2 protein chains.
Amino acid sequence: MTHSRRMTLKDLARELGVSTATVSNAFNRPDQLSPALRERILGEASRLGYRGPDAKARSLRTGRSRIIAVILAESLTYSLNDPVASEFLSGVAEVLDAQGHTLLLLSSRQAQGLLPGSASMADGFIVYGLMPSGDLLDTLPAQAPLVSADFDIAGRPSVHVDDEPACYGIARHALRRPPRRPGIINLRLTAEPCNGRVTPDHTLLGPEQTITRSRLIGFHRALEEAGFAPDQVPMWNIEENTFPVCEPVIAGILDLPEEERPDLLLCMSDRIALTALTLAERRGLRIPEDLRLTGFDGIAEGQYRSPRLTTVRQDSTEKGRIAARMILGLVPAEPSLLATELIVGESCP
Amino acid sequence: MTHSRRMTLKDLARELGVSTATVSNAFNRPDQLSPALRERILGEASRLGYRGPDAKARSLRTGRSRIIAVILAESLTYSLNDPVASEFLSGVAEVLDAQGHTLLLLSSRQAQGLLPGSASMADGFIVYGLMPSGDLLDTLPAQAPLVSADFDIAGRPSVHVDDEPACYGIARHALRRPPRRPGIINLRLTAEPCNGRVTPDHTLLGPEQTITRSRLIGFHRALEEAGFAPDQVPMWNIEENTFPVCEPVIAGILDLPEEERPDLLLCMSDRIALTALTLAERRGLRIPEDLRLTGFDGIAEGQYRSPRLTTVRQDSTEKGRIAARMILGLVPAEPSLLATELIVGESCP
DNA sequence: TTGTACGCGTTATCAG
DNA sequence: CTGATAACGCGTACAA
């Protein structure tokens, strides 16, 4: 018989002697038919092995797929292994899941340079982090809902964290005990790729391009207040927030002659600060006596080790939740700003 | 005009004065029409803002969506924040991406207890970790390709790591210097939830149910060879591989009176071992003099701190790649076993 | 090499 | 409350 082919709604209707519309209603609009009939249809359906309306056909017909795509600025490999991005994703997933939606993962750095066609099946898009090429967003269905996180797209809602005040706050905390030589380690702040010392030749990205610029502005404001001329404070830059990339830059800093080596390092991320912590320990530097360190993010790894990291905790999960709620229309799609919290650990008491 | 509605293939065909088949061929089968005509069609298409065949309609017609779903045994929140699961996912994503496929994330612990309908749009399924309820898999399209990782489904291909020999190997290494009191910390090994000491009353899961049982068998084999009766070696169990859940159990172990406290702890995961490391340091215990520790997984966090963890490195990323290649039919879908590597750090030299 | 016609499985509309 | 029918947008035999 028709044993090979999957059973369809139409087959079931014929089998039951009712119309396809009625079967469809039994699954989608209980109020459109008598409970008795509905019971019978659902019962027979599961007996005959009909699993319910086909998702592909349904999505063609209704125009919606109940799939939400997250487009990550970085590669999937990097993002999935980055605690902050992962937390964001888990916030998104939590809300989508509760609403019966699923999560499609995309990266702006796809193999072919453009998104796979299947991407356009999504009902909405959450864009996390600055896209390397703006063109990519043009390939998306024009009228699909879109929310960005940690950067802005003209005319679109976004979710942010109060980067500038947060960094002002943590720098102020650190500067209460005046350092002899403060230093700053940035993350992807220069227009030109740069792994190492930032010189006046480098052009810095603007605050609308990257959150790390906002963070730097906060640091500088606090430094200025504390009597340090910002342009006298040495800065280093790191291109990628991973140990292998951070290590040489930080090693270079720690291996400076003692009279040049910073005794306070304000870092743009916990990953950077933790790498500095590890490398400092290996060199026998005492934390915080010889070197004080601050981070940003508040990732678990920084809190579950000793010394604990002094850092700014951002609720990345909540950022994801909000983005997801906006996409689903659960909350109004308007710019949102999350507060952060200063965490004082032993790395900079 | 028809400015509100998205342009369709049919619209474009009419506009160009060719048939829909020709336009379709221009996108899908370049060999079916003259290069000149194809150029013209593609050119006009992008000029008129036609983005190519609609993914939903195409998937209905062809039956394939170019979406692969990964079903995670744990919640998405947990999995996304777990380095080992994240690495697995990034391996999957890497291969899918290169093949023009996308990744749909599902969890066996969805809100409603069953998978959302959109899940069935996937062309294939990768199941990671033992499903809490086997029924869930019955709801999947019966003939869709399916590969499991880290556990087995009858009649389906799977990807594994050589858990038993790996654990035999690391235990042997640790036991070369005989401990006075060895101990084992398991991960979700008991049928009944148990956070703490494992007693004879507990029933252990079988090796076909969980990889941690295979690991335990490896530990026991080495212990026996070293002259320790396995049932005399104390075991603890932990229900979830996170700091908050591990902490009380491990604190309980470390706070035992000195003559009962283990001086060697074989841990089922790096997360557990790292938690033990942190808690031991906080108590002033010297590693490895007072306490030696081994882990499993080889996560970055364990290698980028000091003391480095002695552990078994499993290539979780490669596990993901292989699963993805099997699903896509790039390699034969047959059971696969990956080798591991012993890493000797300072936590158990 | 190009065009015609049908069907993929569903849902919305509207008439009974 | 129920049923017939027309889309949804596309791929592909098959005919020209």
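Order of the sequence lines sets the chain letters (A, B, ...), proteins ahead of strands, with each chain counted from 1. Small disclaimer: the values here were computed from a predicted structure and weren't measured.
Regarding B:Lys10, its NZ atom lies at a distance of 8 Å from the P atom of D:dG9, rounded to whole Å.
No salt bridge links B:Glu334 with B:Arg156; every basic N to acidic carboxylate O contact stays at or beyond 4.0 Å. Taking a cutoff of 4.0 Å between a charged side-chain nitrogen and a carboxylate oxygen, B:Glu15 and B:Arg47 do not qualify as a salt bridge. A salt bridge links A:Asp150 with A:Lys319; the closest basic N to acidic carboxylate O contact falls under 4.0 Å.
Nearest nucleotide to the side chain of A:Asp54, out of D:dT2, C:dG9, C:dG3: C:dG9. Side-chain proximity of B:Leu9 to D:dT2, D:dC10, C:dT11: nearest is D:dC10. The side chain of B:Leu60 lies closest to C:dC8, out of C:dC8, C:dT2, D:dG3. Proximity note for A:Gln32 (side chain, C-beta onward) versus D:dT5, C:dT2, D:dT2: the nearest is D:dT2. For B:Thr8, the side-chain atoms get nearest to D:dG9 when compared with the rest of D:dT12, C:dT13, D:dG9. Listed nucleotides: D:dG11, D:dT12, C:dT11. Nearest to the side chain of A:Thr62: C:dT11.
Nearest-nucleotide positions on DNA chain D for B:Ala57 and B:Thr22 put B:Ala57 closer to the 5' end.
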Passes side chain to side chain contact (heavy atoms under 4.5 Å, CB included), B:Met326 versus B:Val159? Steps please.
CA-CA 10 Å; B:Met326 282 191 196; B:Val159 194; 4.3 Å; yes
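Residue-to-nucleotide contacts include no donor-acceptor pair under 3.5 Å from the side chain of A:Arg61 to the base of C:dG9.
Contact annotation: A:Tyr50 side-chain N/O to C:dG9 OP1/OP2 distance is not under 4.0 Å.
B:Leu33 comes within 4.0 angstrom of sugar-phosphate atoms only, judged by non-hydrogen atoms across all strands, and of no base. Across all strands, A:Asn28 comes closer than 4.0 Å only to sugar-phosphate atoms, never to a base (heavy-atom distances). Heavy atoms of B:Ser24 sit under 4.0 angstrom from at least one base atom. Residue B:Phe27 is classed as having no contact, given no heavy-atom separation below 4.0 Å to the nucleic acid. As judged by a 4.0 angstrom heavy-atom cut-off over every strand, A:Asp31 is placed among residues touching the sugar-phosphate backbone only.
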